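Following: one structure in structure tokens, then a few remarks.
From a predicted model like this one, the values you see are computed outputs, not experimental measurements.
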Amino acid sequence: MDKIIIDGGARLSGQVRCSGAKNAALPLLAATLLTDQACILENVPRLKDVITIGQLLGKLGSRLEYQDKSTLTIQTPHLDAYEAPYDLVRTMRASVLVMGPLLARGGKAKVSLPGGCAIGARPINLHLKGFEKMGAKVSLEQGYVLLEAERLHGARITLDLPTVTGTENLLMAAVLAEGQTIIENAAREPEISDLALMLIDMGAQIQGIGSDHLVIDGVESLQGVKHRIIPDRIEAGTLMLAAAVTGGDVTITDCNPNHLIALSVRLRETGVEVEEGSDTIRVKSDGQRNRAVSITTAPYPGFPTDMQAQWMVLMSLAEGTSLISETVFENRFMHVLELDRMGADITIDGHSALVRGVEHLSGAPVMATDLRASASLILAGLAADGTTEVSRIYHLDRGYEHLEEKLTGLGAKIRRVKA
Ligand code: EPU
């Protein structure tokens with residue numbers, strides 16, 4: 001298995017480009033199943049998860065072709081199959097995003113029920129409850145969810161929790177349903193707005209974009225589209241914290257600072273300078289220890305759970321004690337024990353972690369457990385004294401495009417060793 005080796009201590013500086021958002025690309029690719037016409041996606045990140053959803057679409061009848069390294073044409077003249085098999089769902093839970101489009105366009109779907117996950121239970125009951133309200137018959141057979149409906153009808157759906165992929169799935173189902181659907185307590189992540197905007201360009205009727213109250217008037221059919229995927233706010237945020245933990249001065253280009261406000265506000269509180277341009281963010285640290293700042297993760301526009309592990313690295317080295325509370329997932333502290341092995345002083349108490357800042361972290365062999373945990377270990381390695389060896393980095397490849405190259409361009413001493 002590949003490993004990443006980091007010689008810590010380099011102060012990062014320079015410019016780095018932000019890639020397209022993984023968590024926007026996945027629902028956008030799934031949404032192309034809603035039409036038989038060609039859809040062109042620009043700013044597609046070349047990631048393992050994007051390859052996986054591409055494979056899934058291929059099994060369902062889509063033809064995918066890259067025009068250049070980040071422009072992808074997808075066309076699904078006919079749905080040839082209706083199944084998201086266990087092997088794909090097991091490697092990527094977001095495969096469940098094909099449920100809404102398959103049901104809306106083809107009237108049926110058979111999707112492997114995702115099992116447990118390293119960061120929490122992550123059930124899909126709210127997706128299924130919503131589909132049922134829209135008239136789908138839902139049953140469970142040998143680990144698969146079977147969904148069937150002649151044509152979905154509009155419904156008023158109040159989500160118990162603002163689930164991101166749940167909102168996306170129901171939105172994709174509702175655009176072709178008969179009549180009006182209202183999704184209340186919808187998630188408001190920018191990736192959902194990106195999906196809604198593309199659906200509108202395909203001919204859908206959606207109001208309330210960016211709010212927790214989406215109103216969708218179903219249409220008979222949708223057409224092809226050309227759409228540019230929004231920048232990856234979590235990648236940008238990770239690079240911002242890479243600058244902060246190394247006492248660096250880094251400008252991230254091609255990003256959307258408005259999507260990163262919760263992070264920028266907290267980062268300034270730690271004493272780091274954050275300068276926002278229209279599509280750039282500069283993070284500049286004076287190299288002094290940062291102040292400890294507590295955070296609580298929350299759905300957008302709150303502090304993203306996908307930045308919690310990376311924030312913990314900054315807090316591990318801060319002056320003072322901070323509390324990091326995780327409210328979105330119940331088990332997202334797998335990185336803590338690895339960080340403690342590098343000399344951090346973190347204690348978990350239920351859904352919170354008490355982080356007592358230390359002066360130095362020291363390099364060590366560590367193991368990645370999920371995507372964002374991997375990113376946190378890379379940041380810890382950049383800031384630590386000595387050499388850090390991060391294994392199980394296949395997690396990282398699911399969601400960060402060319403991370404080692406990007407960090408190397410900023411002066412990091414980081415390399416991948418092929419197994
Ligand atoms: N939940 C339920 N029932 C459901 C759906 C969700 O109880 O039917 C619970 C989950 O167990 C969790 C909470 O609701 O405790 C929120 O989960 P959500 O459904 O919003 O998460 P998701 O849609 O599965 C997306 C991102 C995650 C990100 C979360 C939260 C994609 C493909 N994935 O997951 O991204 O952490 O929203 O913002 O968009 C990542 O990129 O590393 C990642 C994990």
Side-chain angles (χ1 to χ4, degrees), residues 1-23 45-52 91-92 118-119 232 234-248 250 252 283 306-317 332-344 346 360-419:
M1 258 185 271
D2 293 3
K3 283 181 183 171
I4 284 184
I5 302 194
I6 307 157
D7 293 317
R11 180 175 182 268
L12 300 192
S13 68
Q15 277 200 5
V16 58
R17 184 186 174 275
C18 180
S19 298
K22 166 181 86 82
N23 288 348
R46 300 299 281 260
L47 300 169
K48 181 74 179 65
D49 274 7
V50 172
I51 296 171
T52 305
T91 56
M92 190 187 68
I119 62 176
D232 197 312
I234 306 301
E235 185 205 17
T238 303
L239 293 166
M240 287 165 74
L241 292 191
V245 297
T246 61
V250 170
I252 298 138
V283 174
D306 289 345
M307 286 303 306
Q308 178 257 106
Q310 302 90 312
W311 186 261
M312 198 176 282
V313 177
L314 185 66
M315 290 305 102
S316 297
L317 288 162
R332 211 174 195 180
F333 284 137
M334 304 282 276
H335 43 283
V336 167
L337 291 174
E338 298 299 294
L339 292 176
D340 280 351
R341 294 186 55 249
M342 295 178 72
I346 309 169
H360 300 281
L361 292 177
S362 61
V366 286
M367 205 185 285
T369 47
D370 70 72
L371 172 56
R372 308 305 169 185
S374 326
S376 79
L377 297 177
I378 302 273
L379 296 191
L382 291 172
D385 300 334
T387 302
T388 297
E389 207 177 283
V390 186
S391 56
R392 299 210 175 153
I393 53 161
Y394 50 85
H395 292 292
L396 195 74
D397 296 332
R398 293 185 48 195
Y400 287 92
E401 190 180 46
H402 307 311
L403 187 63
E404 306 103 84
E405 286 89 330
K406 288 187 181 189
L407 291 172
T408 301
L410 296 171
K413 305 266 178 301
I414 178 169
R415 64 188 194 279
R416 182 180 292 240
V417 192
K418 297 267 175 206

key: Of all pairs that satisfy salt bridge (Lys or Arg N to Asp or Glu O under 4.0 Å), the ones with a partner from residues 373-392, not counting sequence neighbours   = Lys3-Glu389
query = About how many Å separate CG of Asp2 and OH of Tyr394, when rounded to the nearest 0.5 Å?
reply = 11.5 Å
query = Are the side chain of Asp232 and the backbone N or O of Ser19 linked by a donor-acceptor pair below 3.5 Å?
reply = no
task = Check whether any side-chain heavy atom of Cys18 sits under 4.5 Å from a side-chain heavy atom of Leu239, and report yes or no.
result = no
query = Which atom pair, heavy atoms only, marks the closest approach of His395 to Ser374?
reply = CB-OG, 3.4 Å
request  = Find the distance between CD1 (Ile51) and OG1 (Thr91) and round it off to the nearest 0.5 Å.
outcome  = 11.0 Å
task = Please tell me if the side chains of Ile234 and Asn23 come closer than 4.5 Å, counting only heavy atoms from C-beta onward.
result = no
Partners meeting side chain to side chain contact (heavy atoms under 4.5 Å, CB included) with Ala383 (sequence neighbours left out) = Val245, Leu317
message = If I compare all heavy atoms of Ser316 with all of Ile346, which pair ends up nearest, and what's the gap?
response = OG-CD1, 3.8 Å
Value rounded to 0.5 Å, distance of CG in Leu371 from CD1 in Ile393 = 12.0 Å
request  = Check side chain to side chain donor-acceptor pair (under 3.5 Å) between Gln15 and all other residues, then give those that pass, not counting sequence neighbours.
outcome  = none
Residues 409-419, side-chain donor-acceptor partners within the protein, below 3.5 Å, at least two apart:
| from | atom 1 | to | atom 2 | distance (Å) |
| --- | --- | --- | --- | --- |
| Arg416 | NE | Glu404 | OE1 | 2.7 |
| Arg416 | NH1 | Asp397 | OD2 | 2.9 |
| Arg416 | NH2 | Asp397 | OD1 | 2.7 |
| Arg416 | NH2 | Glu404 | OE1 | 3.4 |
| Arg416 | NH2 | Glu404 | OE2 | 3.0 |

query = Are Ile252 and Val250 side-chain neighbours, meaning at least one heavy-atom pair lies under 4.5 Å?
reply = yes
key: Close side-chain approach of Met307 and Leu241, heavy atoms under 4.5 Å   = yes
query = Taking all non-hydrogen atoms of both residues, which atom of Leu396 and which atom of Ala375 are closest, and how far apart?
reply = CD1-N, 3.9 Å
message = Counting C-beta onward and ignoring hydrogens, is there a side-chain heavy-atom pair between Arg372 and His335 closer than 4.5 Å?
response = no
ask   = Considering all heavy atoms of both residues, which atom of Leu314 and which atom of Ala244 are nearest to each other, and what is their separation?
value = CD1-CB, 3.8 Å
query = With Ala380, which residues qualify under side chain to side chain contact (heavy atoms under 4.5 Å, CB included), at least two apart?
reply = Val313, Leu339, Met342, Leu361
ask   = Which heavy atom of Val390 sits nearest a heavy atom of Ala368, and at what distance?
value = CG1-CB, 4.3 Å
request  = Please identify each residue that fulfils salt bridge (charged side-chain N to carboxylate O under 4.0 Å, His left out) with Arg46, with sequence neighbours left out.
outcome  = none
note = Sequence neighbours excluded, the answer for side chain to side chain donor-acceptor pair (under 3.5 Å) partners of Thr238 is Gln310, Tyr400
query = Considering residues at least two apart in sequence or located in another chain, which fulfil the side chain to side chain contact (heavy atoms under 4.5 Å, CB included) criterion with Ala242?
reply = Leu12, Leu379, Leu382, Leu407
request  = List for me each residue that meets side chain to side chain donor-acceptor pair (under 3.5 Å) alongside Ser13, sequence neighbours excluded, and say none if there are none.
outcome  = none
request  = Any salt bridge (Lys or Arg N to Asp or Glu O under 4.0 Å) involving residues 235-244? Give me the pairs, sequence neighbours left out, ordered by first then second residue.
outcome  = Glu235-Lys406
ask   = So, for Ala373 and Thr369, which heavy atoms are closest and what is the spacing to 0.1 Å?
value = CB-OG1, 3.5 Å
query = How long is the gap from CZ on Arg341 to CE on Met367, to the nearest 0.5 Å?
reply = 8.0 Å
note = The reported gap from CD1 in Ile378 to CD1 in Ile4 (rounded to nearest 0.5 angstrom) is 4.0 Å
